[in-house]
Number of protein chains: 2
Amino acid sequence: MFSTVSTTDLVTQIARQITEAIVTGKLRPGARLTELQLSREFGTSRAPVREAARLLESQGLVVSNPRRGFFVRTLTASDMRDIYELRIGLELHAAGIALERMGPAEIALLERQIAKLYALADAGSVESQIFEDFIFHRMLCEASGNARLIKVYDELATEMRAGITLIGKLYDDPHRIAETHEPILAALKKGDREELLSALHYHITVAQEAVVALFEGIERGDAS
Amino acid sequence: MFSTVSTTDLVTQIARQITEAIVTGKLRPGARLTELQLSREFGTSRAPVREAARLLESQGLVVSNPRRGFFVRTLTASDMRDIYELRIGLELHAAGIALERMGPAEIALLERQIAKLYALADAGSVESQIFEDFIFHRMLCEASGNARLIKVYDELATEMRAGITLIGKLYDDPHRIAETHEPILAALKKGDREELLSALHYHITVAQEAVVALFEGIERGDAS
DNA sequence: ATTGTGATGATTGTCGACAATTGACTCGTA
DNA sequence: TACGAGTCAATTGTCGACAATCATCACAAT
């Protein structure tokens, strides 16, 4: 999850910086990525920048028009609906498997993560709460023990972050955000499969509806 | 699904050729991909080859060791188990959504696809049947209407093909392969959700067990 | 025989440059 | 004023070259 060592290769480093710029909103959707400008900014030549851009394209953060270059991908309401719908399938599947594999230790970790959400609700920034929120769900996916599944989750998480950045509004009540994770934890503790899947489904669906509605509003021309 | 025009850009073209070489087995798992050799083979310079290799890395077909280059990814039994396990979650989710959206026309297309499988069982090559088998399941995913989900399926399909290539043995009774799709179709026609998910789950699990067992055998040192 | 060491060849990572193409801009004309 | 053709700057796609690094191999020492 976190950078292993500071000495990663140049392409990865560049890709990470561009990703940060996108998910934090410094690079707006639709913004053009000119290779020369980026290479100057990073103090490298164009080659590593191109490769980094290709990497980000495969992750769905940027799109490339042949002969025109790379642009920050503009996520639509339809995109977000698909992403969250897929996430439902993915995360419920992960939870179903995880339920069989989790011991008290793993569940305790999730509980601590929720505590962290509460703490950030009181004292932290919105961005850090969003980040830790994703960590919670990633831990759930990790508990499935399926590396391939985790990889897909990470890709979805990146896209969701890229989309959500525009939207601090969703998190107007950070305390409530933390609360909504409780039913998931409760079901896990009980070992109730039906309840777990139901709680997760509800949790994600609520987020989906909020995000999609907001995007539809933006597309309709409300304040960005 | 198929190439839109013959004039795709160079990187895509190279990536496609390397992919073909991998999934057809011409490039064995673990084989080294030297940029110079590939660039000579394609009559280009190294730059497009590098980008194509990066693309394939993001698809999980090749891996890169920094300063050492690219190698054809060696899929393990554990990898295949994860891939098929994820596929179960993905495809069942897709089917659940698809059930609501499919009309007689879409179901008829699936029926024709099964007919094609029978035809290939009688007269076709194993490879073409494998291909059309994947098409059947892709059609099911397409019916979900979720583009993001389809993208993940395509990635999984590529990895499965890369793994399965070694294995013509799994398709020793091609007629039976076609048959195993019938229960899925039957459930769809009935509109029985439970039966559909159950049939799909069984169908994929059977494949998973066969593939994983084969890989475990290979890892144990049986004939490759 | 085995292990450590040094040279050597091959390969990657990165760079700057050139040609091809695109999009915008200007100018002229109806 | 509106529209179209032609020109031009900017950017990408591709290339060959150089330096840094790694693996291999031979050779010597224990």
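Values reported hereafter were calculated over all heavy atoms of this structure, with side chains retained and with hydrogens, waters and symmetry mates removed. Predicted model, so just to flag it, every value in this text is computed and none were measured.
In this pair, Phe136(B) and His181(B) present their aromatic rings perpendicular. The plane angle is above 60°, beyond the 30 to 60° band.
Taking the charged nitrogens against the carboxylate oxygens, Arg54(B) and Glu57(A) have no contact shorter than 4.0 Å, which rules out a salt bridge. We find that Arg148(A) and Glu85(B) are not joined by a salt bridge, their nearest charged nitrogen and carboxylate oxygen being 4.0 Å or further apart. Glu106(B) has no carboxylate O lying under 4.0 Å from a charged side-chain N of Arg101(B), or vice versa, which leaves the two without a salt bridge.
The distance from atom CG of Asn65(B) to atom P of dT12(C) is 11 Å, rounded to the nearest whole Å. As a whole-Å value, the separation of Leu36(B) CG from dA10(C) P is 11 Å.
Nucleotides of DNA chain D that come within less than 4.0 Å of any heavy atom of chain A span, from the 5' end to the 3' end, dT11(D) to dT14(D).
Residues from residues 42-59 of chain A with heavy atoms under 4.0 angstrom of DNA chain D, sorted by number: Arg46(A), Arg50(A).
Checked options Leu75(B), Asp79(B), Thr76(B); the residue passing with Phe215(B) is Leu75(B) (criterion: side-chain contact (heavy atoms from CB on, under 4.5 Å)).
A side-chain N or O of Glu132(A) and one of Gln113(A) form a donor-acceptor pair less than 3.5 Å apart.
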> Going through the checks in order, is the side-chain contact (heavy atoms from CB on, under 4.5 Å) test met by Glu20(B) and Gln17(B)?
Replying inline: CA-CA 5 Å; Glu20(B) 268 308 298; Gln17(B) 292 210 41; 5.6 Å; no
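Between the side chain of His93(A) and the main chain of Arg87(B), no donor-acceptor pair closer than 3.5 Å is present.
Sequence order on DNA chain C of the closest nucleotides to Val11(A) and Arg67(A) puts Val11(A) first from the 5' end.
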